[in-house]
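Everything on this sheet refers to the single structure shown next.
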Amino acid sequence: MDEQIKAMQAEIEAAAASITDSKEMYLLRKQYLDNKTGKISALMKNMRDLPPEERPAFGKVVNVLKGWALDFFSEQDARLKAIELAQKNAAEQIDVTMPASKHLCGALHPQTLIANELIDIFAGMGFTIFEGPEIENDYYNFTALNTPQDHPARDMQDTFYVSEEFLLRTQTSAGQIRVMENAQPPIKILSPGKVFRSDDDATHSPMFSQMEGLVVDKGITLCDLQGMLDVFAQNIFGENVKTRLRPSYFPFTEPSVEVDVSCFACGGKGCRLTGWIEVLGAGMVNRHVLENCGVDPDVYTGFAFGMGIERIAMLKYGIPNIKMLFESDVRVLEQFRG
């Protein structure tokens with residue numbers, strides 16, 4: 001019996017010597033000390049085959065072996081867990097003298113910066129925000145805005161049609177109609193959003209952002225429009241900037257004007273932008289547009305204006321190509337980090 005006990009001890013020590021993981025040591029412990037399947041526990045079952053007078057001595061020997069095994073596995077478990085803890089601490093060790101990792105902060109896109117700035121300027125003048133749908137029907141995008149049936153803007157080569165009736169809006173001016181149909185003057189709204197036109201070059205994109213403004217009330221004149229545009233230009237481009245109105249044509253305004261600002265880049269000293277720079281289109285709301293919306297043009301007048309947000313961003317920040325605003329080139333965008 002002593003030889004059997006010594007053999008099992010040697011077997012346990014040999015098996016434990018090659019184990020380097022506390023989980024594996026736990027599994028080895030179960031092989032010998034599990035109450036149901038353990039090898040040491042199985043020895044106790046042999047007592048029923050012994051004469052009664054030999055059973056006490058046999059049980060004592062097995063208990064000694066069991067006590068030794070418990071102590072042995074406890075020591076091994078403590079040893080391995082200490083090693084594993086040391087390895088974990090070494091792996092997670094932080095050298096506080098090392099330079100900190102550099103984390104770059106994000107920044108708002110220049111188009112978003114300009115849109116926010118424009119909204120703040122016009123909100124300060126009492127404008128509220130209206131956002132219309134990007135998919136419009138022909139009536140709101142063209143007909144209600146007094147656009148003739150044979151106007152080039154209705155052609156397939158200029159407009160993205162979804163069906164015969166619906167299209168991707170070519171202007172946020174469609175929001176004017178929706179507002180005037182559902183609200184009585186006085187009206188003072190700003191309508192920003194994406195618009196779509198079949199046009200693509202250095203200063204045009206098939207998709208771009210526009211901001212439309214509309215004011216309707218009694219006694220509104222072209223002088224009110226220019227006064228408001230002066231405030232807009234001075235807030236965006238500088239307090240010394242002046243505006244100029246040039247005659248133009250839009251189906252939904254009469255009279256219609258192109259709006260220029262005096263050179264803000266050099267203050268008249270001379271640069272690539274010297275002179276007057278076109279920034280937006282505007283005009284007095286056409287009588288037919290007011291009538292289409294149920295507004296009496298003999299009582300109320302109004303003005304409307306529309307600008308490309310990307311164009312304002314390009315002018316203010318000196319961006320030469322509109323595609324730079326859509327390519328997400330980090331070298332460009334990081335220049336706008338505050």
Side-chain angles (χ1 to χ4, degrees), residues 107-137 139-142 144-145 166-197 205 207-218 220 224-237 243 250 252-253 257 259 261 279-286 289-290 292-295 300-317 325-326 336 338:
L108 291 178
H109 192 280
Q111 178 181 324
T112 304
L113 291 173
I114 288 295
N116 291 345
E117 190 172 354
L118 290 171
I119 289 172
D120 287 344
I121 291 169
F122 288 107
M125 291 188 279
F127 284 76
T128 58
I129 304 299
F130 172 81
E131 295 186 6
E134 293 181 3
I135 297 180
E136 272 289 7
N137 61 33
Y139 174 77
Y140 286 107
N141 197 81
F142 291 126
L145 288 166
F166 292 95
L167 48 92
L168 299 181
R169 67 181 178 188
T170 61
Q171 54 201 357
T172 52
S173 304
Q176 291 183 27
I177 308 302
R178 292 185 177 275
V179 170
M180 287 192 288
E181 282 184 343
N182 295 282
Q184 291 298 313
I187 294 170
K188 206 171 189 181
I189 61 105
L190 194 67
S191 181
K194 292 184 176 65
V195 296
F196 308 85
R197 297 179 188 177
S205 170
M207 181 196 76
F208 60 99
S209 298
Q210 196 177 61
M211 190 166 288
E212 179 87 13
L214 172 70
V215 174
V216 179
D217 202 350
K218 295 178 180 179
I220 298 296
D224 297 312
L225 171 63
Q226 181 155 23
M228 184 215 63
L229 293 175
D230 282 339
V231 175
F232 147 74
Q234 289 165 7
N235 276 274
I236 287 289
F237 300 117
T243 60
F250 302 110
F252 38 87
T253 53
V257 295
V259 181
V261 297
V279 291
L280 58 91
M284 300 300 294
V285 180
N286 193 296
V289 174
L290 293 174
N292 289 339
C293 300
V295 178
Y300 296 101
T301 54
F303 64 74
F305 59 91
M307 68 187 80
I309 296 176
E310 286 86 355
R311 175 165 178 76
I312 303 300
M314 290 171 69
L315 289 171
K316 180 166 184 175
Y317 298 129
L325 294 171
F326 296 97
F336 298 92

- Step by step, would you call Val285 with Tyr300 a side-chain contact (heavy atoms from CB on, under 4.5 Å)? CA-CA 10 Å; Val285 180; Tyr300 296 101; over 6 Å; no
- Closest non-hydrogen atom pair, Met228 against Phe122: SD-CE2, 3.8 Å
- Query: Is any side-chain heavy atom of Glu310 closer than 4.5 Å to a side-chain heavy atom of Ser205?
  - Reply: no
- Item | Nearest heavy atoms of Gln210 and Ser173, plus distance in Å | OE1-N, 4.4 Å
- Message: How long is the straight-line distance from CE of Met307 back to CD1 of Ile236, given to the nearest 0.5 Å?
- Response: 8.0 Å
- Counterpart residues, salt bridge (Lys or Arg N to Asp or Glu O under 4.0 Å), relative to Lys188 (two or more places apart): none
- Looking only at atom types and distance, does a side-chain atom of Asn116 sit under 3.5 Å from a main-chain N or O of Ile119, one as donor and one as acceptor? no
- Message: How long is the straight-line distance from CG of Leu145 back to CZ of Phe250, given to the nearest 0.5 Å?
- Response: 12.5 Å
- Query: Where is the tightest heavy-atom contact between Gly213 and Leu190, given as atom of each residue plus distance?
  - Reply: CA-CD1, 4.2 Å
- Message: With a 4.5 Å cut-off on side-chain heavy atoms, are Ile187 and Val215 touching?
- Response: no
- Can you find a heavy atom in the side chain of Gln226 that is under 4.5 Å from one in the side chain of Val259? no
- Message: Please report the interatomic distance CD(Gln184) to SG(Cys293), rounded to the nearest 0.5 Å.
- Response: 10.5 Å
- Message: I need the Leu280 CG to Arg311 CZ distance, nearest 0.5 Å.
- Response: 9.5 Å
- Task: Tell me, yes or no, whether the heavy-atom count around Ile135 atom CD1, taken from other residues, nucleotides or ligands under 6.0 Å, exceeds 12.
- Result: no
- Query: Taking side chain as C-beta onward, heavy atoms only, is Val195 less than 4.5 Å from Phe208?
  - Reply: yes
- Item | Heavy-atom pair of closest approach, residues Phe130 and Gly175 | CE2-CA, 3.6 Å
- Task: Report yes or no: does Arg169 contribute a side-chain atom to a donor-acceptor pair with the main-chain N or O of Pro133 at less than 3.5 Å?
- Result: yes
- What distance separates Asn235 CG from Asp230 CG, expressed to the nearest 0.5 Å? 11.0 Å
- Item | Heavy-atom check, side chain of Met314 versus side chain of Leu325, under 4.5 Å | yes
- Note on the structure: For Ile220 and Gly302, the nearest pair of non-hydrogen atoms, with its separation, is CG2-CA, 3.9 Å
- Item | Minimum-distance pair of heavy atoms, taken over all atoms of Gly283 and Val257 | N-CG2, 4.2 Å
- Task: Indicate yes or no: at least one non-hydrogen side-chain atom of Thr243 is less than 4.5 angstrom from one of Phe232.
- Result: no
- Task: Let me see the working for Leu113 and Glu117 under side-chain contact (heavy atoms from CB on, under 4.5 Å), right down to the final yes or no.
- Result: CA-CA 6 Å; Leu113 291 173; Glu117 190 172 354; 6.0 Å; no
- Item | Sub-4.5 Å side-chain heavy-atom contact between Met180 and Leu214 | yes
- Stepwise, does the side-chain hydrogen bond (donor to acceptor under 3.5 Å, both in side chains) test hold for Glu212 with Gln171? CA-CA 8 Å; Glu212 179 87 13; Gln171 54 201 357; over 6 Å; no
- Are Thr253 and Phe303 side-chain neighbours, meaning at least one heavy-atom pair lies under 4.5 Å? no
- Message: Nearest 0.5 Å, please: how far is OG1 in Thr172 from CD in Glu134?
- Response: 11.0 Å
